[in-house]
Amino acid sequence: SQQGEEDPQALSIQEGENATMNCSYKTSINNLQWYRQNSGRGLVHLILIRSNEREKHSGRLRVTLDTSKKSSSLLITASRAADTASYFCATDPIYNQGGKLIFGQGTELSVKP
Amino acid sequence: EAGVVQSPRYKIIEKKQPVAFWCNPISGHNTLYWYRQNLGQGPELLIRYENEEAVDDSQLPKDRFSAERLKGVDSTLKIQPAELGDSAVYLCASSLGRTIYNEQFFGPGTRLTVL
């Protein structure tokens with residue numbers, strides 16, 4: 001079963017614009033992670049935010065976490081054509097005592113040059 | 001440092017045939033995962049190993065799927081017999097261990113098509 005639900009399912013923007021993707025989940029978590037998947041490739045880890053953190057930055061990426069609303073957002077600033085990919089949130093539920101990630105369905109981002 | 005290696009990258013078989021996928025995790029990573037990813041979906045865990053022990057195989061369809069991780073390094077996932085609904089990408093991932101900071105490193109996957 002997939003815990004995360006991502007919104008929107010697809011997003012198309014122009015190069016230079018910002019892209020925001022949202023993720024909602026159901027159960028309490030240890031951490032939430034974002035992954036990117038280019039077409040035909042495996043997933044690449046982008047960023048991890050712990051349950052006691054509210055915001056985290058990595059380069060052009062900004063992730064927020066609201067545990068009271070069980071939601072997270074990923075912001076990509078100044079997007080580039082190379083950012084075109086599918087983005088997945090994954091939660092590490094507390095009940096798993098670490099070790100099992102549950103992925104959402106993903107947001108397909110298209111950045112047009 | 002080499003990443004997670006999987007082979008083959010692509011496999012096309014007829015239904016009812018057997019198929020096997022191989023994974024070599026990142027050196028030193030004790031935990032190994034097999035996921036299945038259907039088209040347009042996120043990955044779903046099939047089985048998780050800690051060293052050579054399968055610690056979570058609740059999502060593995062045991063009537064036709066089997067996996068092994070001999071010596072706690074490489075792993076093989078087998079389907080016998082394959083069904084049409086098994087067409088998917090099979091991803092292998094590894095991580096340093098079972099902690100609450102569980103960053104997983106994924107291989108490129110094996111795309112299986114069952115005809």
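To find a chain, count down the sequence lines: A is the first, B the second, and so on, and within it residues start at 1.
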### Task
Can you establish whether the number of heavy atoms outside B:K11 located under 6.0 Å from its atom NZ is more than 12?
no
### Query
Which atoms of A:E108 come close to chain B, meaning under 4.5 Å heavy atom to heavy atom: side chain ones, backbone ones, both, or neither?
neither
### Query
Heavy atoms, side chains only, cut-off 4.5 Å: are A:L43 and B:Y35 in contact?
no
## Note on the structure
When the 4.5 angstrom heavy-atom criterion is applied to B:Q37 and chain A, the contacting part is side chain
### Query
Side chains of B:Q104 and A:Q33: closer than 4.5 Å at any heavy-atom pair?
no
#### Entry: Closest-packed option against chain A by number of heavy-atom pairs under 4.5 Å, given B:G109, B:A93, B:P108
B:P108
### Message
As an exercise, state the distance from CD of B:E103 to OH of A:Y35, rounded to the nearest 0.5 Å.
### Response
6.0 Å
### Query
Under a 4.5 Å side-chain heavy-atom rule over Ile, Leu, Val, Met, Phe, Trp and Tyr, are A:L101 and B:F106 clustered together?
yes
### Query
Near B:L39 CG, under 6.0 Å, is it more than 12 heavy atoms from other residues, nucleotides or ligands?
no
### Query
When clusters are formed by joining ILVMFWY residues with side-chain heavy atoms under 4.5 Å apart, either directly or through shared neighbours, do B:F65 and B:Y49 land in the same one?
yes
### Single-linkage hydrophobic cluster A:I47~A:L109, side-chain heavy atoms < 4.5 angstrom
yes
